[in-house]
Amino acid sequence: AVQVSWAGGTDITGELTIECSVDGENYCTFAGSNVTMSGTAGGHIYDIVETHVRYLRVKINVSSGSSIFNVRVNLRTREM
């Protein structure tokens, strides 16, 4: 799971997205991961299951305002 939260700033607008890659160089948007951000505080949890990718990253695109972001990642790996 990936948890993103924001607080402690001004009223923001923007978008969160998860990007994934198998090689760590070429990333694509994880389907259905676009989440609109708004307000002075908020958050979202992505429950990511069975992706079979090695790399994940959170893209935070702030259109206006400012905030402090907290990103927590909890992933399990297994042998394939």
Side-chain angles (χ1 to χ4, degrees):
V2 177
Q3 180 179 6
V4 181
S5 60
W6 63 91
T10 62
D11 194 22
I12 66 167
T13 58
E15 184 176 71
L16 298 173
T17 307
I18 295 288
E19 295 182 332
C20 55
S21 173
V22 294
D23 62 8
E25 295 181 23
N26 301 296
Y27 283 83
C28 63
T29 300
F30 190 75
S33 70
N34 296 1
V35 173
T36 300
M37 298 183 298
S38 64
T40 56
H44 186 74
I45 294 176
Y46 295 95
D47 189 13
I48 301 169
V49 181
E50 299 294 329
T51 63
H52 302 291
V53 297
R54 289 189 160 272
Y55 304 92
L56 291 175
R57 67 184 183 190
V58 177
K59 181 179 178 182
I60 301 172
N61 183 11
V62 176
S63 303
S64 65
S66 65
S67 195
I68 298 169
F69 289 88
N70 184 10
V71 178
R72 294 175 186 237
V73 179
N74 181 16
L75 302 174
R76 285 187 280 171
T77 60
R78 63 183 173 120
E79 295 295 321
M80 298 177 142

Ignoring hydrogens, what is the shortest heavy-atom contact between [X] and [Y]? Give both atom names and the distance.
{"X": "Ile45", "Y": "Ala1", "answer": "CG2-CB, 4.5 Å"}
{"X": "Gly39", "Y": "Asp11", "answer": "CA-OD1, 2.9 Å"}
{"X": "Met37", "Y": "Asn61", "answer": "CE-O, 3.9 Å"}
{"X": "Gly65", "Y": "Ile12", "answer": "C-CG2, 3.7 Å"}
{"X": "Ser33", "Y": "Tyr46", "answer": "O-OH, 2.8 Å"}
{"X": "Leu16", "Y": "His44", "answer": "CD1-CB, 4.2 Å"}

key: Backbone N/O of Ala7 and side chain of Ser67: donor-acceptor pair under 3.5 Å   = yes

message = When you measure from the side chain of Thr10 to the backbone of Ser66, do you find a donor-acceptor pair of N or O atoms at a distance under 3.5 Å?
response = yes

Results of side chain to side chain donor-acceptor pair (under 3.5 Å) for Arg54 - residues two or more places apart only = none

inquiry  = Once side chain to side chain donor-acceptor pair (under 3.5 Å) is applied, do any residues pair with Asp23, and if so which ones, sequence neighbours excluded?
reply    = Ser21, Asn26

task = Check whether any side-chain heavy atom of Val58 lies under 4.5 Å from a side-chain heavy atom of Phe69, and answer yes or no.
result = no

Rounded distance (nearest 0.5 Å) linking atom CG of Asn74 with atom CD of Gln3 = 10.5 Å

key: Approximate separation, where rounding is to 0.5 Å, of Glu19 CD and Arg57 CZ   = 4.5 Å

Please tell me whether [X] and [Y] are part of a single hydrophobic cluster in this structure, the criterion being side-chain heavy atoms less than 4.5 Å apart.
{"X": "Val71", "Y": "Trp6", "result": "yes"}
{"X": "Val2", "Y": "Tyr27", "result": "no"}
{"X": "Val22", "Y": "Ile18", "result": "yes"}

